[in-house]
Amino acid sequence: MKRLIPKSRFAGKQSTVDSVKSRIKRQGDKTNLPLLSRAQQAWTDNEPVRKTALRNLRYVTGDQWSDYVLNEKGQWEQERKRIERRNDGVALQNNHLFKIVNAMTSHYDAMNTTPTVHALKEDADEKSQMMTRTLRTNWNRNEMSDILSTEMFNFICYGVAIAKEEWTCVAGVDDSYTMLVSLMNAFWEMEGGDPRHWDISMIGEFKDYTLGELSSRLANSEYDYRQLEEIYKPYLGTYSNYYDSNRNKKEVEEPSFNKPNNDKLCRVYEIWTKEYRPCIRCKDIMDEESPLYNISPDQLYIVEEENNRRLTQGLAQGMTKEDIPLIEYSKKDHPRLGYHIEEYWHYQALAPDGRVLEEYDSPYEHGEHPYTIKMHLYTEGKITPVISIPIDQQRYVNRLYTLGDMMMTSAIKGLKMIPKDCVPNHMSEREFAERATEIGGWIFYEPSKTGATPQVITQNSSDMGIAQLLQLQLQAISDESSVSDAMQGKAPASGTSAARYMMETENSKKSASTMYKKFNQFETNLARKKLKTIHQYYNEPRNISTEQMNGFIKYEMYDPIAVRDIDFDVRITHGVDTPTARIENNERLENWAANGWITFDDMLSNGYYPQPQDSPCFRP
């Protein structure tokens, strides 16, 4: 039997079951410095991820000698300066990492992925097709191919892909828009270990706005504008020294959590946190759209008043008490009813002094934060980007190049040994050297009494196996990055069969399949949030006309009433807009037309044929 706790222990204690109300009671609804400190701590905890990302980016973009090493004096020094001082020359490098990243990104672009929607209901294929075209119309408006290509580059170099899906207005058009989120500005809290990242308890970013931009978002009156002006007055124009010191720096560096890099910008911390509050789960069979819903405990009297009204109405109609459809809110035979602790997402926008600029619960149908995040090989809180593996091999390659250059520079090349008695008396040594190197020049001198003659000495640099070491390191880069010559599109060696070349390409794809699978899940999660946002906010008919791959325009309107009560899901499919797929499609259609299964007009409409504007089969 459960041991009872005396009621006196709870007497006089304030309830903390509602996390937001509890915070407001402690600190007031105007400030939230603990949340700002929590966000800063989360941003600080992610410092190793940002440093690894910046190092990978430097290596990929060509700055491969920026690592700090200990010099002869035991002091930290950039490796480039150390090498240049030691050999009085240039630190050579040969960038193989960019080719790897470009090959992987190009391979993803060639997949030509597109979202496809399917209804979670029978006999709703037409509605699924309409939602698919609606989602793809928004997909094209957001230029998602460009966004996802950039995210793939970040995923390879940083190990993190993060984007934000929100309903907002851009260029006067309200729609669901996908925004890129910089890893340098983002922060999050995770319990750790879940590769799906379902254990995130806080996520957000800091953004910098001009005072006008911030006012256009938050100010609803002249008083609101004056408030924002007063809040940011202590910060505007005070970062000039910080700004000037960073203005001319060419290296990509971590931003400051507290200061923008421009003294005319206002910093805002946009934070989403997972919160909890008590609720009572109700069931109303009279509500056909949402029979299950939650209410706060202080709203229970509304349910009781409605039940009393139904009892009065039902008894007046001659119904028995047991037959009257009342709103159920006690558990009884339904374990999901009654008192529950509800989990939800809460948004706050904070100023640098902790003042709350904006605050609300998640307004989205999916009930979550608007961010979509995916990490590569996230285990025990550690992120391992793909490109960080072959970086050590790239360093060895650069050192071998530099070592070979130093050996060739130090080797004797065309050294001229001239006995002094071979120099005529009427000429200085400089004049003799200039005449000896002159094209077609002549020097007349008396033979030396000792028989000495001018000599030219040339010495080859010793073979230390640098070429073999370079070949091994370059092969190691290809092996560790899982990018073969075939995947990079290089021409095969003479005598290589087409079957073997295709097999090498497929094997290279398989070795990188984990990364593509994780990014494909990121794209799917992003498309799901976009689909839910569209389903929620598209309340009026919209034009979703799209241009097909064969050049024809498909005219259609989005009907929000038709899909109002249908749940949809989305999957990412690989596109068929490739030369090989077009040829196969044309051959299939020509075969059907030859057998009389389709008309010639249908073949031209669904095939990939160049058609003039005056063609009888052309339909705009």
Under 3.5 Å, is there a donor-acceptor pair between the side chain of [X] and the main chain of [Y]?
| X | Y | answer |
| --- | --- | --- |
| Ser201 | Lys274 | no |
| His340 | Glu342 | no |
| Asn543 | Met557 | no |
| His346 | Ser362 | no |
| Arg571 | Pro115 | no |

Any side-chain donor near an acceptor of the partner, [X] and [Y], under 3.5 Å:
| X | Y | result |
| --- | --- | --- |
| Asn102 | Thr105 | no |
| Asn258 | Ser256 | no |
| Thr210 | Lys264 | no |
| Gln129 | Asp125 | no |

Run the numbers on Val303 and Asp284 for side-chain contact (heavy atoms from CB on, under 4.5 Å), then give the verdict.
CA-CA 10 Å; Val303 175; Asp284 185 4; over 6 Å; no

Which heavy-atom pair separates [X] from [Y] by the least distance, and what is that distance?
| X | Y | answer |
| --- | --- | --- |
| Ile572 | Ala527 | CD1-CB, 4.1 Å |
| Tyr558 | Glu540 | CD2-O, 4.2 Å |
| Asp224 | Ala219 | CB-CA, 3.6 Å |

Scan Leu36, Leu33, Val268 and name whichever one has a side chain to side chain contact (heavy atoms under 4.5 Å, CB included) with Leu350.
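Only one of Leu36, Leu33, Val268 forms a side chain to side chain contact (heavy atoms under 4.5 Å, CB included) with Leu350, namely Leu36.
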
[X] vs [Y] side-chain heavy atoms within contact, under 4.5 Å:
| X | Y | value |
| --- | --- | --- |
| Asn138 | Ile534 | yes |
| Thr273 | Ile271 | yes |
| Pro560 | Asn539 | no |
| Leu135 | Thr116 | no |
| Glu359 | Asn32 | no |
| Glu189 | Gln41 | no |
| Pro385 | Ser388 | yes |
| Phe519 | Phe522 | yes |

Taking the six-membered ring for Trp, are the ring centroids of His376 and Phe155 within less than 6.0 Å of each other?
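Under 6.0 Å, so yes.
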
Aromatic centroids of Phe257 and Tyr269 separated by under 6.0 Å:
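Ring centroids of Tyr269 and Phe257 are less than 6.0 Å from each other.
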
In terms of side-chain geometry, is the basic nitrogen of [X] or [Y] positioned less than 4.0 Å from the acidic oxygen of its partner?
| X | Y | answer |
| --- | --- | --- |
| Lys529 | Glu523 | no |
| Asp569 | Arg528 | yes |
| Arg309 | Glu306 | yes |
| Arg542 | Asp559 | no |
| Glu213 | Arg217 | no |
| Arg226 | Glu229 | yes |
| Glu165 | Lys532 | no |

Any chance you could measure [X], atom [atom1], to [Y], atom [atom2], to the nearest 0.5 Å?
| X | Y | atom1 | atom2 | value |
| --- | --- | --- | --- | --- |
| Glu151 | Thr178 | CD | OG1 | 9.5 Å |
| Lys283 | Tyr329 | NZ | OH | 16.0 Å |
| Ile147 | Ser149 | CD1 | OG | 11.0 Å |
| Thr137 | Asn142 | OG1 | CG | 11.5 Å |
| Cys279 | Leu300 | SG | CG | 12.0 Å |
| Lys233 | Leu211 | NZ | CG | 12.5 Å |

Going by the side chain to side chain donor-acceptor pair (under 3.5 Å) test, name the single residue among Arg281, Arg277, Gln299 that passes it with Asn294.
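Passing option: Arg281.
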
With side chain to side chain donor-acceptor pair (under 3.5 Å) as the test, pick out the partner of Tyr538 among Asp175, Asp174, Thr134.
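The side chain to side chain donor-acceptor pair (under 3.5 Å) with Tyr538 is passed solely by Asp175 among Asp175, Asp174, Thr134.
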
Please determine whether the number of non-hydrogen atoms from other residues, nucleotides or ligands lying under 6.0 Å from atom [atom1] of [X] exceeds 12.
| X | atom1 | answer |
| --- | --- | --- |
| Tyr301 | OH | no |
| Glu126 | CD | no |
| Ile561 | CD1 | no |
| Lys207 | NZ | yes |

Could you give me the CA-CA distance, side-chain angles and deciding distance for Met104 and Asp109, then say whether side-chain contact (heavy atoms from CB on, under 4.5 Å) is met?
CA-CA 9 Å; Met104 288 183 170; Asp109 290 339; over 6 Å; no

So is [X] actually on top of [Y]'s ring, under 6.0 Å and inside 45° of the axis?
| X | Y | value |
| --- | --- | --- |
| Arg136 | Trp139 | no |
| Arg50 | Trp43 | yes |
| Arg267 | Tyr235 | no |

Determine, stepwise, if the pair Leu57 / Asp63 fulfils side-chain contact (heavy atoms from CB on, under 4.5 Å).
CA-CA 8 Å; Leu57 183 62; Asp63 186 10; over 6 Å; no

His118 and Phe568: CA distance, side-chain angles, deciding distance, ring pair (Phe, Tyr, Trp, His ring centres under 6.0 Å) verdict
CA-CA 6 Å; His118 59 93; Phe568 295 94; 8.8 Å; no

Parallel, tilted or perpendicular, as decided by the 30° and 60° cut-offs, for the rings of His197 and Tyr378:
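Correct class here is perpendicular.
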
Applying side chain to side chain donor-acceptor pair (under 3.5 Å) to Glu304 and Asn308, what does each step give before you reach the verdict?
CA-CA 6 Å; Glu304 293 176 347; Asn308 291 332; over 6 Å; no

With salt bridge (Lys or Arg N to Asp or Glu O under 4.0 Å) as the criterion, how do Lys259 and Asp208 come out once you've worked through the C-alpha distance, each side chain's angles and the decisive distance to 0.1 Å?
CA-CA 9 Å; Lys259 304 175 183 178; Asp208 298 328; over 6 Å; no

What do the steps show when you test His369 against Tyr364 for ring pair (Phe, Tyr, Trp, His ring centres under 6.0 Å), and what is the final call?
CA-CA 8 Å; His369 54 80; Tyr364 298 107; 10.0 Å; no

After noting the C-alpha distance and the side-chain angles of Tyr537 and Glu365, does the key distance pass the side chain to side chain donor-acceptor pair (under 3.5 Å) rule?
CA-CA 9 Å; Tyr537 287 101; Glu365 189 177 86; over 6 Å; no

